[in-house]
Every structure is written in structure tokens, then in C-alpha cells.
Trainee: 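This is the structure, below, for whatever I ask next.
Just follow the structure's listing: the first ligand is 1, and inside any ligand the first atom is 1. What you are looking at is a predicted structure, and each value in this text was computed from that prediction instead of being measured.
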Amino acid sequence: MALIALTDISKTYREPGGAALDVLRGVSLEIEAGEAVAVVGPSGCGKSTLLNVLGTLDTPDSGRYVLDGEEVSECGPERLAALRGEKIGFIFQLHHLMPQCTALENVLLPTLALARRPDPVRVRQRAVELLEAVGLGGRADGKPAELSGGERQRVAVVRALINEPRLILADEPTGALDERNAEALTGLLLDLCRSSGATLVMVTHHPAQAARMDRTLRLHEGRLVQG
Ligand code: ADP
Ligand code: MG
């Protein structure tokens, strides 16, 4: 069974007094557990909206979304919040780290939202190991302002992975990085997802990075297109 199954998902934004904007128009797709998938397409074609629907941050107007066997459209807000905490890790273009917290504290934040709190000693150990795995072993006590752009984004990757999610959603995670850091971050993400069995869905503008994924989904004006 696919980890993600979308059937005929549509989303329209209505601006007050303005025209309706059909952002997703009947999107159907399946993504298997463990796949790494790129989402590409011109600016405004609906990539972020699709990712937000997958992350249950946005609700489609119609269509069906089944995540890991669970009917997402039938979940109430509490279940959705729990589902996000347990199953999904998010990485955005900007790191969204808490400025007053250290790298290690930022990584541990998502564990505080879990209904079943992990053993604090073990989860801290896991966080330290993950920070070491992304080359930040010596920076765990650094605040975001003391880290470089590439380092901050690596902390965001570790934060997304800390709860051992089945799904990582990354919306242009390398968009603010130079080419060398962008390439390294994509490599890290792929390695960490493959070794943990997590599924990766990543929006990117860079064909070279999309080519490193198992396959590419191409959006055009709210529809999936071939090639
Ligand atoms: P992409 O990520 O591919 O650039 P988005 O999914 O962010 O595209 O947006 C698709 C379209 O929907 C854009 O025209 C954008 O302006 C519009 N849009 C996105 N979010 C909203 C919103 N909350 N309200 C109104 N329009 C929105
Ligand atoms: Mg976007």
C-alpha cells in the first residue's frame, strides 16, 4: 500500500471580492514508502499548496487523501496535530529556528509536542548523534545567529527527523543556499531519509537536485503533467 494516495484533490483560493483562483485542479498521485520524489514547476503553479495539503497544513476543497492508511479528511484538528507530530517532518526555505534556543534545543522542540513523550536521555542522545551526522557535532550549543546559513538549514533537517517521521516534506529547502551548500544539503537529506526509510517529497527549482530523487512530479497550473 502506498504511503500517500491523493485522489482528485482540488483547492481554490477565493480572495474577498476577487476572482476564484484554482490552485490545484484534480491532482491524483501515489507515493510509496521510502521513495524520494521531487516536485517541480514554475512559480505559482501550486507546489507549496500541494506540499501543505500533504502536510495537512492546508485542507483541500475536494478529493481524498489517505496517509499511511489513514483517511486524512476524516481527522479532526486534534488528530491532525498528533498525526503531524508523529508522522511528518517539515523543512522550509527559511530555517524557522527559534533564535533564543541552541541548535540542540531547536532539534528537541518537536519532541515536546508528542502525546507520548520519548525518554529524555535517549532522545537527547539521538539529537546529538544526528547533529554529528550532519557535521554539527561541535555546534550543538550554538544559537542560530551564530551559525551559517548552511548550518542553520542542517539543524532544520535534524529537527525534521527527530521524531522519526515516515514522511519528510521539504519546500525549497536549499532555496536560500549557495550551490555548494545546496548540493550538500540535498545529499544529506537523501542519505538520512534512505537510511531511516523515510519518504521524501521535496520542492526544488534545481534540475540537478531533482535528478537525484527517484522520480519527479511536474506541476503546471495546478495539474500534474508528464515529462
Ligand atoms: P508555488 O509554490 O508553486 O510557487 P503556491 O502553491 O504557493 O505556488 O501558490 C499557487 C497560487 O496560489 C499562487 O498564485 C499564489 O499566489 C496563490 N495562493 C497561495 N496561497 C494562497 C492563499 N492563502 N490565499 C490566496 N492565494 C494563495
Ligand atoms: Mg512555493
Trainee: Does one side chain, of T199 or E35, offer a donor that lies under 3.5 Å from an acceptor on the other?
Mentor: no

Trainee: Quiz question: by atom type and distance under 3.5 Å, do the side chains of D141 and T102 form a donor-acceptor pair?
Mentor: no

Trainee: Between S10 and R25, does any side-chain donor sit less than 3.5 Å from a side-chain acceptor?
Mentor: no

Trainee: Would you give me the side-chain donor-acceptor pairs under 3.5 Å for residues 129-138, sequence neighbours excluded?
Mentor:
unit_1, atom_1, unit_2, atom_2, d
E129, OE2, Q125, NE2, 3.0

Trainee: Would you check, one step at a time, whether the test side chain to side chain contact (heavy atoms under 4.5 Å, CB included) holds for S28 with L6?
Mentor: CA-CA 5 Å; S28 298; L6 295 186; 5.7 Å; no

Trainee: Just by distance, with hydrogens left out, do D61 and Y13 show a side-chain donor and acceptor under 3.5 Å apart?
Mentor: no

Trainee: Using 2.8 Å as the cut-off, note every protein N, O or S atom close to the Mg ion (ligand 2).
Mentor: S48 OG

Trainee: Using side chain to side chain contact (heavy atoms under 4.5 Å, CB included) as the criterion, list what pairs up with A210, not counting sequence neighbours.
Mentor: A38, V40, T204, T216

Trainee: To the nearest 0.5 angstrom, please state how far the CG atom of L219 sits from the CG atom of L24.
Mentor: 7.0 Å

Trainee: Can you list every protein residue that has a heavy atom under 4.0 Å from any atom of ligand 1, sorted by chain and residue number?
Mentor: Y13, E15, L21, V23, P42, S43, G44, C45, G46, K47, S48, T49

Trainee: So H96 and F92, would you call those rings parallel, tilted or perpendicular, with 30° and 60° as cut-offs?
Mentor: perpendicular

